[in-house]
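A short worksheet on the structure shown next.
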2 protein chains.
Amino acid sequence: MKTAKNAASAGRSQESRGPVTMHDVAALAGVSRATVSKYFNDGEGLKPDTRARIEQACRELDYVPDPHAVSLVRGRSRIVGVVLPVVNEPFFAEALRAIEQKAKALGMDVIIQCSYNDPAEEAAALMTMRSMKVAGVVLTAVASRQNLDLLRRLEQEMRIVYLDSFVHEDCDYVMNDNRQSMAMLTRYLLGRGHRPAYLGAPPVAHPSPTERLAGYLEAMAEAGVAPLVLPASTQPTWDFEAYGFRHVLDWLTSGAWQRSGATALACGTDRLAIGAMSACRRFGLEPGKDIAIAGHDDLPISAYLHPPLTTFRQDVAAIGVAAMECLQAQLDGADAGPYRKRFTGGLVPRESA
Amino acid sequence: MKTAKNAASAGRSQESRGPVTMHDVAALAGVSRATVSKYFNDGEGLKPDTRARIEQACRELDYVPDPHAVSLVRGRSRIVGVVLPVVNEPFFAEALRAIEQKAKALGMDVIIQCSYNDPAEEAAALMTMRSMKVAGVVLTAVASRQNLDLLRRLEQEMRIVYLDSFVHEDCDYVMNDNRQSMAMLTRYLLGRGHRPAYLGAPPVAHPSPTERLAGYLEAMAEAGVAPLVLPASTQPTWDFEAYGFRHVLDWLTSGAWQRSGATALACGTDRLAIGAMSACRRFGLEPGKDIAIAGHDDLPISAYLHPPLTTFRQDVAAIGVAAMECLQAQLDGADAGPYRKRFTGGLVPRESA
DNA sequence: TAATTGAGGCCCGTCTTTAGT
DNA sequence: CACTAAAGACGGGCCTCAATT
């Protein structure tokens, strides 16, 4: 009786020790490992009888193939890597949620890495993904050209979809149509008789902030109104409320506001708008009455603010899902050219403007 | 010249094809694979000269051990699994951020799975973690006893730390001291001459909501004031603002509010408080003047609301880090009894109360 | 004898090749 | 010659044990 390790003859789903392996299943089903392997891959070319016995054995033993063994021999894993600047920012958190959900539907697992806007951390994260032989990477690149070469090289050997960012032209990306959305928001303000100034996000992303600014400028030019952009900081930060608060308060107290004749403030993000509203009140202006405020993104709380925030809702979930679909499409071989998608959301008019 | 696959003699870090393997490094360094392996493990017992040559070869070839091969042979991976109800909820997003950061420092990767409060999804996620042979799991369990047996069984074969939750007594967990924090918040309101009612979170977690309620009740009893708890829903939802808005508006319009004589509202979460403030205004009450409102968690935006929200800050980052430290400690062998930590944060008094 | 290094089996699957009906 | 199933060589490391100095 030279049964190996696990006595398959026991029959019950009691593994004596260690995880159940394909060997155990084969033994119980009375076939070879190769046959069980085939069952888990194409499944074709197996006699119904054989298939049934394997199925039964798997159920009985609670067998699941070891993903590491599979990845090792295949040279590819069923893991997708997600590299984000931070994960506790509403936009990224929601994107991650959508990605995770879609990945689950595709039978993949997701592993995350945060770069904190540091090119070195980003590079390290990408190297990890490479060593993990991931099926693909969803990357929100940091706003720096430092990893440009590395990225170009990595794109050769693994799938990379850029989410809400890109670092060069020949890449796959998925993002909101920022120019269009901010233009729409600006036009809305102009249409209500306002003269909107613009507060952009700190330089933590690329090229979304630039695109949104472009949208604002475009709408202003189109209306023949001189644009008015609040001075931006070069210090990257994710504390948008504080950033918005400080910059708007400076703007108001410096008198630049009065001189400009602006009656509204379009903000690159809802979080900035929240800080801006706070600054206005500190200065003695009532948002929605003395000055109109608008944001961008439509956070879950935006509808419940006082006043409810006029904003632009971008379809973050769709963006996340599209990123996964891009990877999926490329895995399926069909390399039908670049995958580039721009999503449009919708204006959400509320009382703040 | 029978060099295998990659001609190590080439010397340059140009892999002709396929990833660099330990075999390549060994060849270039003029040692055996076994020696290179030892270099990557303990590292002891290697002649300085040998070590240097290996080091050099690794650098030259850009070699990184294949994590799948390592996991396969070791039967353990350097991956930690994180299973959360949702990832786009500020509390979890921040916890995840801290976990990811700490994991990186420990040289581990993190893989995530969302359960969406569905016991079946949670079970599936855990089985995935098991098959991945993760180094450990950080789990925020869904509020259901359905997976109790499964969890007990899984705890036998892998490390599980419960974050902000637990399903039975003999487990490791890390969480805020909810009873204490809500008691502190309630005492603060009482101390300011208020009679606070309480709005708890929907039943999406366990046991945090129960503990917070207990804290409220404790403080009220202690002050000899009759507690007043708003009716709770049995429908789980993560849309806290809407939930808070609806329940508070009902409470106000039904007249229950007047009859109760409550002058303040303590909420189980800031997001609930935001919905509550909105409802108050809809009803004609000015939060912070006609009725005091307090939350719990101190979201980044809470300081910028109007009025700024009085709340209790829980140390989410510390909780996340502690979860990782728990896993780390257990990996290091020392099974020094159960690891259970309660963290305390601090009251953040602001204008809303 | 102690300190290093090498040989080869093994982990758990996949995949190509060979054998059996 | 179809179909099916089995055999056995990997894949990239770790680990035990023996060989070398």
Side-chain angles (χ1 to χ4, degrees), chain A residues 2 4-6 8 15 17-55 57-58 61-79 130-133, chain B residues 2 4-6 8 15 17-55 57-58 61-79 130-133:
Chain A
K2 36 165 46 171
K5 217 180 65 180
N6 301 347
E15 52 268 32
R17 66 162 163 276
V20 184
T21 83
M22 183 174 276
H23 179 269
D24 303 320
V25 174
L28 182 56
V31 297
S32 72
R33 276 157 41 228
T35 307
V36 180
S37 175
K38 179 171 296 181
Y39 168 79
F40 275 98
N41 293 313
D42 43 33
E44 306 302 326
L46 280 189
K47 233 186 283 185
D49 168 51
T50 314
R51 166 196 308 283
R53 290 207 325 276
I54 294 176
E55 212 151 34
C58 286
L61 296 175
D62 244 349
Y63 172 71
V64 178
D66 181 328
H68 295 115
V70 176
S71 300
L72 172 59
V73 67
R74 285 249 178 85
R76 276 296 135 203
S77 71
R78 293 191 67 77
I79 296 177
R130 185 174 88 136
S131 79
M132 294 274 268
K133 295 180 169 49
Chain B
K2 35 164 48 164
K5 214 180 65 177
N6 302 345
E15 52 266 36
R17 66 164 163 277
V20 184
T21 81
M22 185 174 275
H23 180 269
D24 304 320
V25 175
L28 181 57
V31 297
S32 72
R33 281 158 35 229
T35 307
V36 180
S37 175
K38 180 170 298 182
Y39 168 81
F40 275 99
N41 293 314
D42 44 33
E44 305 304 325
L46 280 189
K47 237 187 280 185
D49 168 53
T50 314
R51 166 196 308 282
R53 292 211 319 281
I54 294 176
E55 212 150 35
C58 287
L61 296 174
D62 245 349
Y63 171 73
V64 178
D66 182 327
H68 295 116
V70 176
S71 300
L72 174 59
V73 67
R74 285 251 179 84
R76 275 297 136 204
S77 70
R78 293 192 66 78
I79 296 176
R130 184 174 90 137
S131 78
M132 294 274 267
K133 295 180 172 45

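A, B, ... follow the sequence lines: proteins, then strands. Residue 1 opens every chain. Since the model is a prediction, treat every value here as computed from it, not as a measurement.
- Atom CZ in A:Arg74 sits roughly 13 Å away from atom C1' in D:dG11 (whole-Å rounding).
- Spacing between atom CG of B:Asp49 and atom C1' of C:dT5 amounts to 12 Å, rounded to whole angstrom units.
- Residue order along DNA chain C, read from the 5' end via each residue's closest nucleotide, puts B:Leu46 first among B:Leu46 and B:Leu72.
- One interatomic measurement links the two molecules: OH of B:Tyr39 to P of C:dT5, which rounds to 13 Å at whole-angstrom precision.
- Note: NE2 (A:His68) to C1' (C:dC12) measures 12 Å, nearest angstrom.
- A straight line from CG of A:Asn41 to P of C:dT16 spans 11 Å, rounded to a whole angstrom.
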Could you list all N or O pairs between the protein and nucleotides 6-10 of chain C that sit under 3.5 Å apart?
| from | atom 1 | to | atom 2 | distance (Å) |
| --- | --- | --- | --- | --- |
| C:dG6 | OP2 | B:Ser32 | N | 2.8 |
| C:dG6 | OP2 | B:Ser32 | OG | 3.2 |
| C:dG6 | OP2 | B:Thr35 | OG1 | 2.8 |
| C:dG9 | O6 | B:Arg33 | NH2 | 3.3 |

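- Distance, B:His23 NE2 to D:dG12 P: 10 Å, rounded to whole Å.
- Contact annotation: A:Tyr63 reaches the phosphate of C:dG13 (side-chain N/O to OP1 or OP2, under 4.0 Å).
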Residues B:Ser37, B:Met22; criterion side-chain contact (heavy atoms from CB on, under 4.5 Å); working and verdict:
CA-CA 8 Å; B:Ser37 175; B:Met22 185 174 275; 3.9 Å; yes

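- Atom CG in B:Leu61 sits about 14 Å away from atom P in D:dG12, given to the nearest Å.
- Nucleotide D:dC14 holds its C1' atom 16 Å from the CZ atom of B:Arg76, rounded to whole Å.
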Check against side-chain contact (heavy atoms from CB on, under 4.5 Å), A:His68 and B:Ser77
CA-CA 9 Å; A:His68 295 115; B:Ser77 70; 3.7 Å; yes

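- In this structure, the ring pair (Phe, Tyr, Trp, His ring centres under 6.0 Å) partners of B:Phe40, at least two apart in sequence or on a different chain, are B:Tyr63.
- Among all heavy-atom pairs drawn from B:Pro19 and B:Asp24, the shortest one is O-OD2, 4.1 Å.
- Along DNA chain C, the nucleotide nearest A:Ser37 and the nucleotide nearest B:Ala69 are compared for position; the residue whose nucleotide lies closer to the 5' end is B:Ala69.
- Side-chain atoms of B:Met22 lie closest to D:dC14 of the nucleotides C:dT5, D:dC14, C:dG13.
- B:Ser32 approaches B:Ala26 most closely through the heavy-atom pair C-CB, 3.7 Å.
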Is there a salt bridge (charged side-chain N to carboxylate O under 4.0 Å, His left out) between B:Asp42 and B:Lys38 once you walk through the steps?
CA-CA 6 Å; B:Asp42 44 33; B:Lys38 180 170 298 182; over 6 Å; no

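- A pairwise comparison of heavy atoms in A:Arg130 and B:Asp62 identifies NH2-O, 4.4 Å as the closest pair.
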